[in-house]
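Since the structure comes first, as structure tokens, the remarks are kept for the end.
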2 protein chains.
Amino acid sequence: MSNDSLMANAIRALAMDAVQQANSGHPGAPMGMADIAEALWHRHLRHNPANPKWFDRDRFVLSNGHASMLLYALLHLTGYDLPIGELKGFRQLHSKTPGHPEVDVTPGVETTTGPLGQGVTNAVGFALAEKLLAAEFNRDGHSIVDHHTYVFLGDGCLMEGISHEACALAGAWKLNKLVAVYDDNGISIDGQVAPWFIDNTPERFRAYGWNVIGPVDGHDIEAMDRAIADAKNSADKPTLIVAKTQIGKGSPNRANTAKAHGEALGAEEVALTRTAIGWEHAPFELPQAVYEEWDARAKGDTLESEWNGRFAAYRAAFPELAAEFTRRMKGELPANFADIAADMTTAAHAKAETVASRKASQLALEALTAALPEMLGGSADLTGSNLTNTKSTLPLRFDQSGDVVKTDGKIGRHINYGVREFGMAAIMNGVALHGGFIPYGGTFLTFSDYSRNAIRMAALMKRRVIHVFTHDSIGLGEDGPTHQSIEHAASLRLIPNLDVWRPADTAETAIAWTVALENQDRPTALLLSRQNLPYAPKAALEPITRGGYVLAEPREVGAKKRTQAVIIATGSEVQHALKAQELLAADGIAVRVVSMPSTTTFDRQDREYKESVLPTGIPRIAVEAGVTDGWWKYGCAAVVGIDHYGESAPGNVLFKLFGFTPENVADTVRAALQRA
Amino acid sequence: MSNDSLMANAIRALAMDAVQQANSGHPGAPMGMADIAEALWHRHLRHNPANPKWFDRDRFVLSNGHASMLLYALLHLTGYDLPIGELKGFRQLHSKTPGHPEVDVTPGVETTTGPLGQGVTNAVGFALAEKLLAAEFNRDGHSIVDHHTYVFLGDGCLMEGISHEACALAGAWKLNKLVAVYDDNGISIDGQVAPWFIDNTPERFRAYGWNVIGPVDGHDIEAMDRAIADAKNSADKPTLIVAKTQIGKGSPNRANTAKAHGEALGAEEVALTRTAIGWEHAPFELPQAVYEEWDARAKGDTLESEWNGRFAAYRAAFPELAAEFTRRMKGELPANFADIAADMTTAAHAKAETVASRKASQLALEALTAALPEMLGGSADLTGSNLTNTKSTLPLRFDQSGDVVKTDGKIGRHINYGVREFGMAAIMNGVALHGGFIPYGGTFLTFSDYSRNAIRMAALMKRRVIHVFTHDSIGLGEDGPTHQSIEHAASLRLIPNLDVWRPADTAETAIAWTVALENQDRPTALLLSRQNLPYAPKAALEPITRGGYVLAEPREVGAKKRTQAVIIATGSEVQHALKAQELLAADGIAVRVVSMPSTTTFDRQDREYKESVLPTGIPRIAVEAGVTDGWWKYGCAAVVGIDHYGESAPGNVLFKLFGFTPENVADTVRAALQRA
């Protein structure tokens with residue numbers, strides 16, 4: 001057996017044996033892509049198994065994440081800290097080899113994949129981040145940012161709509177250092193794809209402005225080697241290599257069948273495959289020679305050492321740039337961030353402006369983007385509505401040759417994503433994973449539906465991605481029920497590890513942005529109004545960071561009177577709560593108003609703090625222009641909400657129609673007190 | 001002015017005046033597409049304004065729904081029951097002219113559009129339904145199903161990922177009677193699209209197997225007329241007509257600018273436009289001659305009368321087929337449906353099988369698809385996992401010439417949608433809107449995220465679309481947290497007018513299917529387990545239809561003992577509730593178990609019934625393998641749930657790890673009783 005066959009067959013053996021041992025998993029794609037993987041990982045990929053976090057490594061994304069055993073085999077074989085015992089524990093509790101690759105679980109895994117189409121979209125984000133960092137930090141003779149992004153993907157990723165959004169953008173952005181290899185095996189779970197997948201994929205990608213290579217025989221390592229080498233030479237286009245393969249290659253009876261896709265081969269077929277590929281070793285036992293061939297540690301050490309030398313020279317020449325680069329890659333905020341944030345918030349408090357919270361967000365962004373060059377904004381074709389752009393963020397543009405356009409030496413930091421919400425969200429995930437930027441992007445809150453699984457993925461991966469969701473309720477008005485959010489605030493709050501803020505005014509918005517930036521290990525969704533909101537006078541600003549706080553104690557009815565009820569309100573409904581408080585005070589009813597811009601943040605506070613805001617035994621009434629379901633967990637006696645779709649009419653008409661008025665809130669409190 | 005110009009300018013005038021009056025809306029696309037609209041609606045569209053529900057009308061979908069004034073103008077001008085007063089009330093409360101077109105609100109509107117990309121996807125569903133009905137019902141010399149589906153769309157729809165999914169399927173299905181007109185004006189909200197939208201759209205659509213015509217001058221009515229005529233001749237491909245237009249055509253200063261897109265022109269520019277296009281009439285005043293030119297009522301009456309004659313001949317020749325066709329188009333279930341459903345459910349009850357609820361769903365489907373030829377199933381490439389196919393539903397296939405393949409005279413009724421969840425959902429919406437079929441389709445519950453906005457649109461439109469979401473919890477096991485649903489059940493329950501069922505066994509699953517089919521005015525999501533579930537013995541079946549019912553009263557501790565607690569459980573956790581009941585009984589604690597397969601259904605029951613299931617004053621404990629937020633509305637004292645992501649491991653390991661065991665449920669009840 002040639003070394004090439006031996007190396008590829010090591011992947012096949014590990015994949016089929018691990019899946020067999022777990023009796024769960026996907027052997028077909030790892031076996032089918034083993035030769036491609038060898039060509040890329042053995043001959044091209046620049047990485048250092050001893051330091052999976054080396055900055056200038058090539059990024060590798062397995063978009064067909066169900067082929068996880070391919071990646072685990074590669075990481076194990078090339079010398080990452082992934083011993084054979086972990087492969088034996090494939091898909092078992094607390095192993096480092098989960099069903100689908102998970103970043104931060106397995107060393108060398110760059111992003112969590114499995115939900116199809118998102119891996120390749122993350123990869124577009126990786127390649128974009130690389131290109132922007134290179135444009136910003138490289139200097140003549142000092143190329144410290146210079147790596148490729150490789151992605152493997154299958155039919156499934158190409159059928160998913162998000163692949164259209166992402167690949168169209170990759171073409172528009174001329175991401176020439178992005179190389180995608182399409183595992184063109186003609187089989188998906190339901191069988192031979194021909195009846196439901198007739199795309200001429202090369203033509204499709206050429207239409208996006210990509211460089212397309214192939215079809216290439218994906219089992220011909222030399223041909224794949226040449227294709228990858230060609231791809232790396234692309235000057236101004238991303239490259240798709242179409243690799244014709246057999247799913248389950250090596251398995252005499254399962255190759256080229258859908259059965260190879262997602263289930264263990266079975267003991268008998270595993271044995272037959274061993275014979276067919278001439279693999280004589282017991283499961284999980286590999287000859288030392290195979291390990292030696294695959295071992296990438298020495299080469300990786302050389303690559304990183306070389307880069308370290310280059311970075312040292314860069315640091316010597318540009319000490320401030322180097323320090324900034326280091327800070328950016330660590331994801332640390334500027335040293336003066338606390339001051340910037342405090343200034344921004346106290347200024348908002350002092351001005352006490354009546355503006356829409358989307359405008360309040362833009363005011364905060366003016367301060368933040370001026371101070372944080374890592375903020376990389378954007379909008380899914382609603383820039384003027386989302387107000388995600390600022391004076392400091394020019395539109396990001398590329399010239400004909402694919403270079404980033406600089407204006408006065410600065411690159412654009414606001415991305416026109418086009419009408420591509422899901423693509424935007426998953427590209428932002430890729431940018432955040434790459435490092436060097438804090439991505440944020442806007443659309444209407446209702447269209448968070450389009451990007452929902454990418455928001456979830458950021459939460460699962462614990463990445464700092466900030467979603468600016470404006471037009472957050474029926475207050476959107478005339479665009480009507482298709483655009484009016486009803487269930488969206490409540491439904492985003494259900495996503496574990498996602499912070500959701502729905503601020504009531506400029507100060508709350510400034511603090512929401514501050515906390516979102518400080519939270520390194522979770523994404524944030526900011527829900528912002530289309531319409532103007534009055535400033536809510538407040539005694540202190542710090543309590544806002546708790547997510548919920550006492551905004552207004554009952555004053556008018558005298559300090560001695562015991563608080564009879566607490567109104568909890570968020571965002572645009574806080575103003576109605578405050579006016580209801582006045583109406584009730586006139587009746588001698590003492591009501592506290594709690595502003596709760598972030599239930600997710602409030603829920604993390606300690607019991608004592610929560611009790612101080614929502615004292616046991618005092619009836620609570622929640623007010624929010626959205627579905628009521630989520631509020632009952634606070635033991636509310638009543639909720640003023642909307643559990644049906646909106647209407648097409650001006651926003652103020654709808655607020656009245658649906659009972660979001662001081663009078664109705666006050667009546668609801670009175671009724672609750674009578675029942676209590 | 002030629003008649004052509006006059007007719008198109010009538011649209012321009014109505015659009016700019018209505019938007020101006022509302023000071024809200026989108027004049028640019030209606031003005032830009034006015035000539036195209038004239039070519040289609042005046043020269044080609046077969047419809048009858050006096051009867052918007054005439055079966056064999058051509059379907060028209062405005063995928064760029066923000067151009068709603070275009071459609072309202074056309075409906076008004078051609079003679080639909082949409083008087084000028086309604087146009088004056090554009091975007092105002094309770095008018096028939098909401099911000100975006102809404103089906104069932106405005107006569108002649110076929111589907112609700114606005115969320116981009118979904119209209120064209122609905123249109124693919126319309127065209128598919130037409131093709132399948134034609135194959136099923138037409139007979140030699142009797143062509144009773146024979147209409148086109150036309151769709152207008154803009155850059156936004158083409159950028160959205162879902163357009164990729166839908167148009168790829170339209171090509172694979174050779175939907176030659178689908179004609180899409182692309183309003184290629186080069187402008188989106190953020191400005192000239194060139195920097196972020198470089199797709200070669202004709203090439204892209206040719207890659208999908210479409211017939212592409214153009215670019216055509218979208219302001220040349222004769223050229224558009226010819227293009228549409230050509231498109232109608234396409235034998236085996238859907239057609240995209242690329243029409244070059246100027247957004248806001250007619251407005252001297254706003255045409256060809258992003259400002260024309262989404263805001264009123266302003267009084268001054270409206271006046272300038274009047275002059276520029278030579279329109280001398282006051283707002284909302286049109287010359288009688290224009291009305292006469294546009295009036296499509298006489299022609300429509302002729303077309304429908306002709307068809308009625310043909311249908312009478314068909315009825316005479318094929319009385320049973322004609323009766324079946326009429327039933328199908330009314331959306332009525334077969335006369336014997338109640339018996340079929342009852343038999344299916346009582347059989348399930350009698351067999352009391354232990355099977356996964358996804359298998360229970362397939363068992364129900366075997367009975368239902370055998371009896372209901374209108375059921376049109378499918379899966380997003382997970383047929384063998386979702387178990388959406390049955391013996392009665394062959395795979396739907398098309399031959400090389402685009403005809404539906406028949407096997408023993410029957411057409412396939414199970415669609416391989418490929419890995420296209422969002423496309424599947426919005427195509428199903430189109431199929432349901434067209435009529436003649438009850439669509440259902442499957443994917444994993446977690447990937448409901450991908451299709452979420454289409455599910456919402458079905459709920460908003462009140463259409464009977466059934467989603468089969470399997471692998472509904474951590475019980476999915478080894479595929480890990482990317483695939484394990486945590487927040488999805490709770491989050492789907494938040495969508496107004498969507499019914500959600502999470503059945504516990506075969507009988508509950510059979511009833512969930514029954515209710516889903518009976519509910520003509522809402523979509524349903526069925527959440528089904530991957531893993532086996534034991535049958536839950538029950539005294540009666542009818543109560544299941546209430547969504548929540550008393551499954552097991554405390555027996556062991558003696559009838560006299562007062563019930564001390566109620567455990568509410570759903571789906572795979574009902575078994576644990578029943579065992580916890582036993583454990584508690586052994587301690588002398590009397591607990592009732594309520595099975596709550598559909599909270600949305602239970603919430604619609606009357607107060608008395610709810611009280612009979614959940615009596616006031618008795619502590620309630622909910623158990624569900626999902627986030628806890630949604631359960632507090634039932635006044636629960638405790639919830640056994642999971643508010644974080646899962647792990648990659650076998651499902652039974654995870655259930656134990658995360659506390660979904662009889663012991664933990666019992667302990668939770670004990671703790672709640674101690675606190676009470």
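A, B, ... follow the sequence lines: proteins, then strands. Residue 1 opens every chain. Remember, predicted model here, so these are calculated numbers, not experimental data.
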* Hey, could you give me the CH2/CD1 distance between B/Trp173 and A/Ile198, rounded to the nearest 0.5 Å? => 11.5 Å
* Structure fact -> From the list A/Ile486, A/Asp629, A/Asp479, A/Thr628, the residue making the most non-hydrogen contacts under 4.5 Å with chain B is A/Asp479
* To do: Any chance you could measure B/Thr482, atom OG1, to A/Gln118, atom CD, to the nearest 0.5 Å?
  => 10.0 Å
* Structure fact -> Between B/Glu487 and A/Ile495, the two heavy atoms sitting closest are OE2-CG1, 3.8 Å
* To do: Rounded to the nearest 0.5 Å, what's the gap from CG on B/Leu654 to CG on A/Leu93? Could you check?
  => 6.5 Å
* Structure fact -> When the 4.5 angstrom heavy-atom criterion is applied to A/Glu263 and chain B, the contacting part is neither
* chain B: which of A/Gly480, A/Gly89, A/Pro195, A/Gly114 shares the most heavy-atom pairs with it under 4.5 Å? -> A/Pro195
* Structure fact -> One should read off an interatomic distance between B/Glu421 CD and A/Met159 CE, to the nearest 0.5 angstrom, of 10.0 Å
* Could you check which of A/Pro98, A/Gly65, A/Pro115 has the highest count of heavy-atom pairs closer than 4.5 Å to chain B? => A/Pro115
* In terms of ring plane angle, is the pair A/Phe422 and B/Tyr450 parallel, tilted or perpendicular, where the classes change at 30° and 60°? -> perpendicular
* Are the side chain of A/Ser648 and the backbone of B/Gly99 linked by a donor-acceptor contact shorter than 3.5 Å? -> yes
* Please check if the side chain of B/Glu165 supplies one atom and the backbone of A/Gly161 the other of a donor-acceptor pair under 3.5 Å. => yes
* Does NZ in B/Lys462 sit with more than 12 non-hydrogen atoms of other residues, nucleotides or ligands closer than 6.0 Å? -> no
* Asked: With a 4.5 angstrom heavy-atom cut-off, which part of B/Val193 approaches chain A: side chain, backbone, both or neither?
  -> neither
* Look only at the side chain of B/His164 and the backbone of A/Leu158, and say whether a donor-acceptor pair between them is shorter than 3.5 Å. => yes
* Identify the residue among B/His488, B/Arg452, B/Arg493 that makes a side chain to side chain donor-acceptor pair (under 3.5 Å) with A/Ser491. => B/Arg452
* To do: Below 4.5 Å from any heavy atom of chain A, which atoms of B/Leu460 appear? Answer side chain, backbone, both or neither.
  => both
* **Region of B/Tyr208 that comes under 4.5 Å of a non-hydrogen atom in chain A** => both
* Asked: Contact part of A/Ser188 toward chain B, heavy-atom cut-off under 4.5 Å: side chain, backbone, both or neither?
  -> both
* Structure fact -> Comparing A/His100, A/His644, A/Lys633, A/Glu647 against chain B, the one with the most heavy-atom pairs below 4.5 Å turns out to be A/His100
* Best-contacting candidate, A/Ile415, A/Asn200, A/Asn453, against chain B by heavy atom pairs under 4.5 angstrom -> A/Asn453
* For the side chain of A/Asp190 and the backbone of B/Thr383, is there at least one donor-acceptor N/O pair under 3.5 Å apart? -> yes
* **Engaged part of A/Glu160 at the chain B interface, taking heavy atoms whose separation is under 4.5 Å** => both
* **Residue part contacting chain B, namely of A/Thr113, when any heavy atom lies under 4.5 Å** => backbone
* To do: Counting only heavy atoms closer than 4.5 Å, note whether B/Asn416 contacts chain A via side chain, backbone, both or neither.
  => both
* Measure the spacing between CD1 of A/Ile162 and CD1 of B/Ile162 and express it to the nearest 0.5 Å. => 13.0 Å
* To do: With a 4.5 Å cut-off on heavy-atom pairs, point out which of B/Cys157, B/Gly171, B/Ser24, B/Gly635 contacts chain A the most.
  => B/Ser24
* Structure fact -> Scored by heavy-atom pairs under 4.5 Å with chain A, the best of B/Pro481, B/Ala168, B/Gly156, B/Gly418 is B/Pro481
* Any side-chain heavy-atom pair from A/Val419 and B/Asp155 closer than 4.5 angstrom? -> no
* **Residue A/Phe197 versus chain B: region with a heavy atom under 4.5 Å** => both
* Straight-line distance of B/Glu102 CD to A/Tyr645 OH, nearest 0.5 Å -> 11.5 Å
* Just do the side chain to side chain contact (heavy atoms under 4.5 Å, CB included) check on A/Arg397 and B/Trp196 with the steps written out, would you? => CA-CA 9 Å; A/Arg397 292 290 181 265; B/Trp196 59 86; 3.7 Å; yes
* Distance-minimising heavy-atom pair for B/Ala649 and A/Gln92 -> CB-C, 4.2 Å
* To do: Check each atom of A/Ala459 against the heavy atoms of chain B and say whether the ones under 4.5 Å are side chain, backbone, both or neither.
  => both
* Top residue by heavy-atom pair count (under 4.5 Å) with chain B, among A/Leu169, A/Thr112, A/Leu382, A/Val653? -> A/Leu382
* Name the region of A/Leu492, side chain, backbone, both or neither, that has any atom closer than 4.5 Å to a heavy atom of chain B. => neither
* Report yes or no: does A/Asp381 contribute a side-chain atom to a donor-acceptor pair with the main-chain N or O of B/Ile189 at less than 3.5 Å? => yes
